[in-house]
Amino acid sequence: MTTILLSIILVSGYLFTINALPLRYRFKRSEGWGAYFFVAAWGIGFFIVSWTICSVLSCLDVPEKLALWLGLDQAVGAKVMPFTDDKTHITLSQQMATWSVFTMFLAFTAGKIVKKWYDKDTRKHAALIKAAKGNPIEELMIEASLTAFAVKITMKSRKVYIGWVRKPALEHGKLDYISLIPLLSGARSEDEHRVKFFTNYHNHYQNSGVYSGTSRIGMDQYRVVLPVGEIDNASLFDLTTYANFNKTLEIPTVK
């Protein structure tokens, strides 16, 4: 019986956390026993709430009234709720089954309600920004994707990319890769570590009709996927500001 109860608690907690956006973000980043305890804590909460609701309904004779309305024996309704004078093994099993099913239903429904609440982009983004606090890379990428601000990413290989971040799906798990629509790419010199650009994607988009939509290839087809583990540093990027700091450098003209 203890094993069954524990299973119901874990399943209920999982059904809620996997649907509730902020909690799913935290759950996906939990490891080992931390993930079990995180899910179990919510499952216990729903288990208690479920028992309370079932008990109140039982005290108000709701099961008996429902059974009568359905044309069934009132005793049938009394046997499926926690409060009853009948304490036989069969009755207890029926009560436990009702309690368990209602617990999972409650957790699943609550999770779907929370998920629906965060369907609106502003709420979803605010929740992700709050959840990502403490992880500078994820915070930066969320900010860049929401503000349509370009970022400059330097890889450990000294390769440099400047571009727009496609909205990272952080709610589905840890951010292992970043999808970038490149504007410029180049590399840092080995001695001075200054950036020299080799490819101007912006001019290509403009000249080939990607921006205007006349090209058969969309901008998304030029995306570059970068592993987060290979990023050396990253920052928001503004060309005018960059030019003011690097007046002696030749850089591509980008509007």
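A distance of 10.5 Å separates OG of S208 from CZ of R216, quoted to the nearest 0.5 Å. Taken from CG in L184 to CZ in F197, the straight-line distance is 5.0 Å, to the nearest 0.5 Å. Atom CD1 of I9 is separated from atom CD1 of I44 by 5.0 Å, given to the nearest 0.5 angstrom. Atom CG of N203 sits about 10.0 Å away from atom CG of L183, to the nearest 0.5 Å.
Counting non-hydrogen atoms of neighbouring residues, nucleotides and ligands closer than 6.0 angstrom, the OH atom of Y205 exceeds 12 such neighbours. Around the CZ atom of F198, the shell of radius 6.0 Å holds more than 12 heavy atoms that belong to other residues, nucleotides or ligands. The 12-atom threshold is not exceeded at NZ of K115, counting heavy atoms of other residues, nucleotides or ligands nearer than 6.0 Å. Counting non-hydrogen atoms of other residues, nucleotides and ligands closer than 6.0 Å to CZ of F37 gives a total of 12 or fewer.
You'll find the side chain of I53 reaches within 4.5 Å of the side chain of L106, heavy atoms only. Taking the side chain as every heavy atom from C-beta outward, V160 and T154 approach each other to under 4.5 Å. Residues N19 and V114 have side chains not in contact (no heavy-atom distance under 4.5 Å, counting atoms from C-beta outward). By the 4.5 Å heavy-atom criterion applied to side chains, I231 and I178 are counted as neighbours. Using a 4.5 Å heavy-atom cutoff, the side chains of F149 and V151 are not in contact. Counting heavy atoms from C-beta outward, M104 and F46 have side chains that stay 4.5 Å or more apart. Side-chain contact between Y222 and I217 is present, with heavy atoms from C-beta onward closer than 4.5 Å. Residues D220 and R166 are in side-chain contact: their nearest non-hydrogen atoms beyond the backbone lie under 4.5 Å apart.
Checked by atom type and distance alone, the side chain of S145 never pairs as donor or acceptor with a backbone atom of V165 at under 3.5 Å. Checking side-chain atoms of K159 against main-chain N and O of S185 turns up no donor-acceptor pair under 3.5 Å. Using a distance-only test at 3.5 Å, with no hydrogens or angles considered, a donor-acceptor pair links the side chain of Q221 to the main chain of G218.
Of all heavy-atom pairs spanning L10 and A40, the tightest one is CD2-CB, 3.9 Å.
In summary, of the residues considered (D232, L226, V224, N233), a side-chain contact (heavy atoms from CB on, under 4.5 Å) with I153 occurs for L226 alone.
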